[in-house]
Visitor: 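Sharing a structure, written as structure tokens. Questions coming.
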Amino acid sequence: KAKDEGRYNYQFYTKDMTDLAYKRLTLENNLRSAIRDGEFKLYYQAQTDMRSNELVGVECLIRWHKEHEGIIPPDVFIGLAEETGLIVQIDRWVLQEALSQYQQWMKEGLKIGVISVNLSAVQLTQRDFIEFVEKAIKRYDIAPENLMFEVTETAIMRSPEQALDILNKLKELKFGLALDDFGTGLSSLSYLKKLPVDKIKIDRAFIKDIPEDKEDMNLTKTIIAMARNLNLDIIAEGVETQEQIEFLTNNGCYEAQGYYYHKPSSAKDMHPMLLEKSTDAARS
Ligand code: C2E
Ligand code: MG
Ligand code: MG
Ligand code: MG
């Protein structure tokens with residue numbers, strides 16, 4: 001009986017898997033041509049000091065402008081791009097584009113603070129990545145202190161030794177390092193102490209139900225206290241309401257990235273805000 005079922009399931013799943021494999025292959029081919037045809041765009045999201053409303057930095061977030069299909073968000077294609085290794089090229093394109101835009105902003109006299117880019121797990125295994133980064137900041141004439149890399153605990157844990165090696169080198173070279181999506185991974189406090197990071201980004205999952213979810217509020221308080229104890233900078237992701245801002249600032253977290261302040265947007269759409277913030281008397 002089990003055998004029959006097994007056979008039936010086998011055929012059933014085979015058809016399903018063929019569809020899936022076909023879809024993946026199509027997506028993979030589309031990703032390749034997207035790189036070639038320049039269909040990726042960078043969006044930027046402001047990071048704000050909640051006390052002064054000053055701009056402290058921007059995070060670069062990739063979008064895929066696909067012909068006839070509109071804008072495709074990263075969650076749809078980053079996973080497959082990682083599995084196929086295409087992410088290495090994509091992340092390097094992102095870095096170049098980010099630095100080129102940063103240089104452009106500097107030439108216009110716009111102060112945007114630190115620029116952050118996300119690094120995938122795969123990038124943390126590429127030995128030549130450091131060399132690539134060093135060349136890039138020279139080409140665009142940017143100080144390492146003005147560039148921050150965001151990595152997740154999960155990405156580091158995929159190949160901890162290689163990742164730590166690369167992260168330590170980046171730290172030595174004075175680049176900023178932030179631990180992204182903090183609180184969703186599994187690493188222990190003692191492990192966090194070993195990571196050469198400057199900053200943690202509290203995941204939106206903890207923020208979104210504040211002030212309704214008391215448990216999330218307690219966890220967030222604990223994360224902030226821990227970060228401060230370890231002398232780490234801290235920023236909250238996904239801040240959308242005034243209540244969240246009050247809660248965070250009352251508990252010692254002063255930076256936020258979220259829709260309350262700014263949604264991710266193109267450099268062009270962000271320009272008026274940058275102009276306004278950069279001419280702020282407080283900043284000059
Ligand atoms: P992430 O690095 O944690 O980026 C933050 C995500 O939260 C972004 O989603 C952003 O649009 C979203 N977000 C920010 N504030 C709010 C808010 O107030 N409400 C809500 N609902 N969402 C908010 P996005 O742009 O869709 O990116 C998703 C993830 O894709 C990123 O999470 C990052 O892990 C990955 N990603 C984006 N760009 C790149 C890239 O260039 N390279 C790599 N490797 N990964 C990237
Ligand atoms: Mg990020
Ligand atoms: Mg995040
Ligand atoms: Mg995320």
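Whatever order the structure lists ligands and atoms in, that order sets their numbers, starting from 1.
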Visitor: Determine, considering heavy atoms only, which of Asp75, Ile78, Ile62 sits nearest to atom 28 (C) of ligand 1.
Guide: Asp75

Visitor: With side chain to side chain contact (heavy atoms under 4.5 Å, CB included) as the test, pick out the partner of Phe132 among Gln126, Arg92, Gln123.
Guide: Arg92

Visitor: For a side chain to side chain contact (heavy atoms under 4.5 Å, CB included) with Gln47, tell me which candidate from Ile112, Val58, Val56 qualifies.
Guide: Val56

Visitor: Do you reckon Ile234 sits in the same ILVMFWY cluster as Met148, going by side-chain contacts under 4.5 Å, direct or chained?
Guide: no

Visitor: Does only the side chain of Asp180 get under 4.0 Å from ligand 1, or the backbone, or both, or neither? Count heavy atoms.
Guide: side chain

Visitor: Any donor-acceptor pair under 3.5 Å linking the side chain of Thr152 with the backbone of Ala155?
Guide: yes

Visitor: I need the contact type for Arg204 against ligand 1. Using non-hydrogen atoms and a strict under-4.0 Å cut-off, is it side chain, backbone, both or neither?
Guide: side chain

Visitor: Does the cation-pi check pass for Arg63 over Phe40, that is, NZ or CZ under 6.0 Å from the six-membered ring centre and within 45° of its axis?
Guide: no

Visitor: If you measure from each heavy atom of Glu59 to ligand 1, is any distance below 4.0 Å?
Guide: yes

Visitor: Decide whether an N or O pair under 3.5 Å exists between Tyr260 and ligand 1.
Guide: no

Visitor: Could you tell me whether the Mg ion (ligand 2) has an N, O or S atom of Ser116 under 2.8 Å away?
Guide: no

Visitor: We want to know whether Tyr260 and Gln242 form a side-chain donor-acceptor pair, criterion being a heavy-atom distance below 3.5 angstrom.
Guide: yes

Visitor: In Glu59, the N, O or S atom nearest to the Mg ion (ligand 2) is which?
Guide: OE2

Visitor: If you consider just the N/O/S atoms, which atom of Asp180 is the closest one to the Mg ion (ligand 3)?
Guide: OD1

Visitor: Just go through Gln45, Lys208, Glu237 and tell me whose heavy atom is the nearest to atom 15 (N) of ligand 1.
Guide: Gln45

Visitor: From the N, O or S atoms in Glu237, identify the one nearest to the Mg ion (ligand 3).
Guide: OE2

Visitor: Determine whether the side chain, the backbone, both or neither of Asp181 has a heavy atom under 4.0 Å from any heavy atom of ligand 1.
Guide: side chain

Visitor: Checking contacts here: is it the side chain or the backbone of Ser120 that comes within 4.0 Å of ligand 1, counting heavy atoms only? Could be both or neither.
Guide: both

Visitor: Which atom, counting only N, O or S, brings Asp181 closest to the Mg ion (ligand 3)?
Guide: OD1

Visitor: Using the Mg ion (ligand 2) as the vertex, how large is the angle between OD1 of Asn118 and OE1 of Glu150, rounded to 10 degrees?
Guide: 100°

Visitor: Which of these passes side chain to side chain contact (heavy atoms under 4.5 Å, CB included) with Phe182: Glu237, Lys199, Lys201, Glu153?
Guide: Glu153

Visitor: Do Tyr259 and Phe247 belong together in a cluster built from hydrophobic side chains that touch within less than 4.5 Å?
Guide: no

Visitor: Please tell me whether Leu95 and Ile87 are part of a single hydrophobic cluster in this structure, the criterion being side-chain heavy atoms less than 4.5 Å apart.
Guide: yes

Visitor: Looking only at heavy atoms, is any part of Val239 under 4.0 Å from ligand 1, and if so is it the side chain, the backbone, or both, or is it neither?
Guide: backbone

Visitor: Using the benzene-type ring in the case of Trp, are the ring centres of Tyr140 and Tyr102 under 6.0 Å apart?
Guide: no

